[in-house]
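Here is the structure we will look at.
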Amino acid sequence: MKHVGIFSGSFNPIHNGHIALASYIREKCGLDEVWLSVSPNNPLKDAGTLLDENLRYMLARDAVAHIEGLRAINFEFSLPRPSYTINLLRALSETYTDTLFALIIGSDNMLVFDQWYCWKEILQNYRVIVYPRGNDNLCELSRKFPQMEVLQEAPKFDISSTQIRKLYRTHGDLSEIVPNNVEKLLANKKNLWE
Amino acid sequence: MVLFFSAPSGAGKSTLVQYLLSERNDLEFSISATTRAPRGTEVHGKEYYFLSIDDFNNRISNNEFVEYEQVYKGCYYGTLKSEVERIEQKHHHAVFDIDVKGGLNVKHIYGNQALAIFVAPPSIEILGQRLKNRGTDSEEKIRERLAKAEEECSYALQFDHIIVNDDLNAAKKEIKELVARFLDK
């Protein structure tokens with residue numbers, strides 16, 4: 001069986017923190033691959049800052065094309081909305097019968113995990129890997145969800161989309177924090193996010 | 001209303017445009033002019049108007065183009081005004097298949113009367129494979145095209161919509177819906 005970690009997010013846009021984290025988790029957790037699952041746009045919820053889903057997917061796909069063990073997928077685009085994680089995992093398991101999927105979440109989501117749709121089914125059927133975010137108390141959370149694998153030692157890759165948007169607006173240097181294709185795209189577009 | 005499609009070479013844009021034309025009878029393909037040589041079974045007046053560089057330059061001087069662009073050195077593509085008039089007279093919507101930068105020019109001219117669609121290729125690896133399979137370009141030319149494809153993807157944000165052609169059937173469905181939303185509103 002192949003072992004694949006699912007790292008779902010909006011990737012708005014993908015940045016070097018996402019890539020470093022995905023690669024770290026892949027190695028640390030012995031996964032064959034980590035798939036970056038780009039979440040679709042939600043016309044009812046999206047504020048003006050969310051880029052088009054196809055664009056976010058294209059950027060993520062091209063950014064990780066040359067990175068071993070990583071790939072981006074747009075599998076969620078064709079699933080019924082609202083897009084629930086359990087539906088994604090079920091659909092992936094049905095499509096890729098030779099693969100065991102693990103779910104990768106941030107500790108902020110661990111905090112509210114018992115509010116997720118079908119969260120018990122997720123825990124029962126899938127390995128759940130947690131990476132630290134912010135100052136969440138991971139020890140306490142681990143007692144609540146002992147089945148989850150918490151990567152206590154994982155480095156924090158503190159880059160946020162907000163930071164990217166801010167740097168873009170102030171014409172700051174993005175080359176250290178986003179992949180080359182994202183940097184070029186942003187350089188070619190004026191007045192985005194205004 | 002006009003529709004225009006831009007994409008890196010090999011992204012599958014022609015296939016998608018042909019599909020759209022076969023699905024709707026209110027669209028007509030705007031034939032571009034080019035100085036490049038015909039490929040395979042291409043015919044003058046069908047896929048392109050194949051012009052000599054001198055002829056092309058004369059028409060630039062005579063202001064006969066809506067837009068034109070030098071895509072590679074010595075290789076021009078452009079949209080003739082006469083072609084757009086021909087289609088408008090029939091009360092059809094013109095469908096342009098143009099270079100990414102040419103596409104941006106047309107968007108500036110037509111504003112919200114135009115729907116600008118960028119067709120993103122599958123990964124660069126698959127694109128390279130497709131160009132090899134097409135068998136019309138040398139290896140050096142393919143490398144040149146791939147570098148250009150990466151460059152062109154960085155203009156995707158300027159378009160109204162992006163379609164990622166990873167899966168042809170999904171892309172066909174998406175393009176048909178997009179165009180219907182724009183023209184039938």
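Lettering of chains follows the sequences in order, A, B, ..., and the numbering in each one begins at 1. Note: hydrogens, waters and symmetry copies are ignored here, and every other heavy atom, side chains too, is used.
At most 12 heavy atoms of other shown residues, nucleotides or ligands fall within 6.0 angstrom of atom NZ in B:Lys173. Counting non-hydrogen atoms of neighbouring residues, nucleotides and ligands closer than 6.0 angstrom, the NZ atom of B:Lys176 reaches no more than 12 such neighbours.
With a threshold of 4.5 angstrom between heavy atoms, B:Asp167 does not approach chain A through any atom at all.
At a threshold of 4.5 Å between non-hydrogen side-chain atoms, the residues A:Leu51 and B:Leu157 count as touching. The closest side-chain heavy-atom distance from B:Glu151 to A:Lys184 is below 4.5 Å. Counting heavy atoms from C-beta on, the side chains of A:Asp62 and B:Glu150 never come closer than 4.5 Å.
In terms of heavy-atom pairs under 4.5 Å with chain A, the best-connected choice from B:Ala170, B:Ala120, B:Cys153 is B:Cys153. Highest contact tally toward chain B, considering only A:Met58, A:Lys190, A:Glu53, A:Glu183, is held by A:Met58 [criterion: heavy-atom pairs under 4.5 Å].
Checked by atom type and distance alone, the side chain of A:Asn54 never pairs as donor or acceptor with a backbone atom of B:Val164 at under 3.5 Å. Using a distance-only test at 3.5 Å, with no hydrogens or angles considered, a donor-acceptor pair links the side chain of B:Gln158 to the main chain of A:Asn188.
A distance of 3.5 Å separates CG of B:Asp166 from OH of A:Tyr57, quoted to the nearest 0.5 Å.
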| message | Determine whether A:Leu55 and B:Phe118 satisfy the following criterion, side-chain contact (heavy atoms from CB on, under 4.5 Å), listing intermediate values before the conclusion. | response | CA-CA 10 Å; A:Leu55 181 74; B:Phe118 182 83; over 6 Å; no
